[in-house]
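Comments concern the structure below.
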Amino acid sequence: MTTLASRRGLLRGSVAVAGGAMFSPLLAAEAGKADLIIHNAKIHTLDPRMPAAAAMAIAGDRIVALGSAASLEGLVGPSTKRRDAGRATIVPGFIDCHNHARGEVLLYEVLVGNPFEVEFVTIASIIDKLKAKAAMLPPGTWVEGFFHDDTKVKDGRPLNRFDLDKVSTQHPVIVRHRGGHTYFYNSKALEMAGIKADTPNPFGGTFDRDANGLTGRVTDRASAAFAKVGTRPVFTPAQIAERSRAGMAHISKQFVRYGLTGVHHQGGDMAAIQAIRASDELLHRVSFETSGAMLDAMIANGLRTGFGDEMVRLGATSEHTVDGSFSERTMAISTPYAGTNPPYYGNITESQEVLDAWVEKVHRAGVQVNCHANGDVPIDMVLNAFERAQKLHPVADARPKITHCTLVNPGILKRMKALGVVPAPFTSYAYYNSDKFGFYGEAMMANCMAFRSFLDNGIRACAGSDFSPGPFAPLMGVQGMVTRKGWNGETWGLNQRVSVTEALVINSLNGAYASKEEDIKGSLTAGKLADYVMLAEDPLTVDPEKIKDIRIIETVTGGRTVYAA
């Protein structure tokens, strides 16, 4: 804070011209000298006024000038450090606009799948890991597994309750799909919850069955039946706080390791974020998206989107869920899923009336609305709610956000453009989840994760990994957006490909736009925050199918190196 205040005059001048002409080296030299000049670099600024540069000058936490090394000589002072980048590529720091940043799961829970990469496991390995956990717990206590991916199983078949019965017949067992909308239970858990073969499906969910009765797979809102049965580990308030703090510090390190300098957190523990900031362990910028009691408290106390500072600020709401999952095949679509009898259209999880009331409440309070909608049916519902709220209480430049916004059509695109909606589609899915696209078919995939359609219709899509459901590696996302080719060599929806530059913009500048911060970050522009990533290869010239493998040399947040290879 002292450093920022000491440069208030310099920064005020920088910000004032950031939206106009490029900040000149001469003006910067008159205001002060640079702390650091990086030269001999390939800099992709993503600022159309100066798309490329070979050198960049930084003072404190801000960029003060870009250009050639010679043009920045006037900024060199006695204490200025010079760094030869060795022709490495520099791009703006990546921004993930949808991330369930629960680091304590990574630290403390049983992971039955790989959170970060494509990796196939066996059902036997899942059983073995959970058996080891069950041996540590008294009967009746939940045994939980995380990061399961049903299409990353070597056995080539779904996990079922009989598999999980091998873990224990004395403990309730749950394996959570990484997508967050389907769950796999053993017979003990079903018994404790009172779920039988003839138990009717509740609104917004299913208890799946086959010829042998209940399979153990449960979708969306049907999982509520298990919330009040069995026992779970109990921690003291101090233990909870420490676990949360340690988890947040851990995941912040993972974010910057992959080049993320900004993340839109889906809820979580604000106290933990503040704690690691105080201990200098917060390495990325946080747009905190919340719901429930904290959102109600924001509204009651007049706190609006944007409250905070450049490191931690209140963002949109967390995703208000209107339907199921794309990766788990429960999203609500207007045509039935292939091969279902009776026809299955996915799960709508909220009525239009309830959705309308919630959107209006949030919108009137000055909080940016954010809804989870995958299928074309719930996207239309969300647009209906936005349109209604705007008519009742017009707000200029509201930028309502639709998280995922997976399946679109021309009518949806037209309405989104008119409302100024910011979609946050899946980014790493095109590579990581290509093994699920066959469930939908090419005709539908041509309109899913529709980045090309969004850009062509003037809609500023941003990037949402949806971690835990998807890996959060931005370069994996860029590769998939550019090639639409998955890990298995399959290509789907080639018509939705974007250029590498467009993919970088979506993953940085449009991410800043989504949280109304494009004036201070998202591109390498004089006056903006010095958030950038140094790459060993240039994503614009490397083989597009190797973008995800580019080595990250360094991640910098506000002029501070927060990761170095």
Side-chain angles (χ1 to χ4, degrees), residues 100 102 105 109-115 121 123 126-127 130 142-153 155-165 167 172-187 189-190 193 195 199-210 212-227 229 266 319 321-333 336-340 344-350 372-375 378 403-404 406-407 426 429 432-433 435-440 466-471:
H100 302 267
R102 294 186 59 203
V105 171
E109 303 293 352
V110 177
L111 309 183
V112 299
N114 189 323
V121 302
I123 289 175
I126 296 172
I127 294 169
L130 295 176
W142 280 97
V143 178
E144 301 187 75
F146 293 80
F147 283 98
H148 175 58
D149 189 326
D150 66 308
T151 58
K152 306 291 189 303
V153 178
D155 303 69
R157 65 169 179 82
L159 189 66
N160 61 48
R161 66 184 174 100
F162 304 110
D163 297 319
L164 299 183
D165 289 346
V167 173
V173 178
I174 175 176
V175 170
R176 300 175 183 272
H177 195 289
R178 69 178 297 161
H181 289 253
T182 57
Y183 316 86
F184 300 81
Y185 295 93
N186 70 344
S187 298
L190 293 163
I195 307 303
T199 301
N201 290 331
F203 170 75
T206 63
F207 303 114
D208 287 8
R209 302 163 177 84
D210 62 14
N212 297 313
L214 293 167
T215 66
R217 183 178 184 263
V218 174
T219 72
D220 290 305
R221 293 182 67 169
S223 63
F226 301 86
V229 302
Q266 295 301 290
E319 57 177 333
T321 304
V322 187
D323 77 331
S325 163
F326 170 82
S327 64
E328 298 155 276
R329 284 83 70 194
T330 69
M331 75 174 185
I333 53 180
Y337 281 78
T340 57
Y344 176 62
Y345 293 84
N347 298 333
I348 290 290
T349 58
E350 187 160 271
H372 159 122
N374 269 298
T403 290
H404 311 321
T406 303
L407 176 61
F426 302 113
Y429 272 31
Y432 178 82
N433 268 334
D435 47 19
K436 298 177 176 64
F437 298 167
F439 292 107
Y440 295 102
D466 197 27
F467 185 83
S468 302

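Because the structure is predicted, anything quoted here is derived from the model rather than measured.
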Tell me, do Phe467 and Arg178 make a side-chain contact under 4.5 Å, heavy atoms counted?
yes
So do Leu159 and Ile123 actually touch side chain to side chain, heavy atoms under 4.5 Å?
yes
Side chain to side chain donor-acceptor pair (under 3.5 Å) filter on Thr151, not counting sequence neighbours, yields Asp149, Asp435, Lys436
Verify side chain to side chain contact (heavy atoms under 4.5 Å, CB included) between Leu111 and Val105, making sure each step is shown before the conclusion.
CA-CA 8 Å; Leu111 309 183; Val105 171; 4.2 Å; yes
For the residue pair Pro469 and Gly179, what are the closest heavy atoms and their distance?
CG-O, 3.4 Å
State the CE-OH distance between Met331 and Tyr337, to the nearest 0.5 angstrom.
5.0 Å
pair Lys152-Phe147: side-chain heavy atoms closer than 4.5 Å
no
Kindly say whether Ala332 contributes a backbone atom to a donor-acceptor pair with the side chain of Asp323 at under 3.5 angstrom?
yes
For Phe226 and Ala189, work out which heavy atoms get closest and say how close.
CE2-O, 3.5 Å
Quick one, Phe184 and Asn160 - any side-chain contact, counting heavy atoms below 4.5 Å?
no
Rounded to the nearest 0.5 angstrom, the CG-OG1 distance for Asp210 and Thr215 is 6.0 Å
So CG of Asn212 and CZ of Phe162: to nearest 0.5 Å the spacing works out to 5.5 Å
Do Val112 and Arg176 touch side chain to side chain, with heavy atoms closer than 4.5 Å?
no
Give the C-alpha distance, both sets of side-chain angles, the deciding distance and a yes or no for side chain to side chain contact (heavy atoms under 4.5 Å, CB included) between Arg217 and Val175.
CA-CA 9 Å; Arg217 183 178 184 263; Val175 170; over 6 Å; no
Measure the acute angle between the ring planes of Phe326 and Tyr440, then classify it against the limits of 30° and 60° as parallel, tilted or perpendicular.
parallel
Would you give the length of the straight line joining atom CG of Asn186 to atom CD1 of Ile127, rounded to the nearest 0.5 angstrom?
11.0 Å
With rounding to the nearest 0.5 angstrom, report the OG1 to NE2 distance, Thr219 to His177.
12.0 Å
Any Thr340 side-chain heavy atom under 4.5 Å of Tyr345 side chain:
no
Would you say that Leu190 contacts Phe207 through its side chain, given a criterion of any heavy-atom pair below 4.5 Å between the two side chains?
no
Please find the pair of heavy atoms, one from Arg161 and one from Leu214, that lie closest to each other, and give the distance.
NE-O, 2.6 Å
Can you confirm whether Leu130 sits close enough to Leu164 that some side-chain heavy atom of one is under 4.5 Å from a side-chain heavy atom of the other?
yes
How long is the gap from CG on Asp155 to CG on Asp163, to the nearest 0.5 Å?
8.0 Å
Which residues pass the ring-ring contact (aromatic ring centres under 6.0 Å, His included) test with His372, sequence neighbours left out?
His181, His404
Which atom names give the shortest non-hydrogen contact between Gln266 and His100, and what distance separates them?
CB-ND1, 3.5 Å
Can you tell me how the ring of Tyr185 sits relative to the ring of Tyr183, calling it parallel under 30°, perpendicular over 60° and tilted otherwise?
tilted
When Thr321, Asn347, Thr349, Thr182 are each screened for side chain to side chain donor-acceptor pair (under 3.5 Å) with Asp220, the one that passes is Asn347
Check Asp150 against Val153 and note the closest heavy-atom contact, atom names and distance.
O-CG2, 3.9 Å
For residues Gly113 and Pro115, report the shortest heavy-atom separation together with the two atoms involved.
O-CD, 3.4 Å
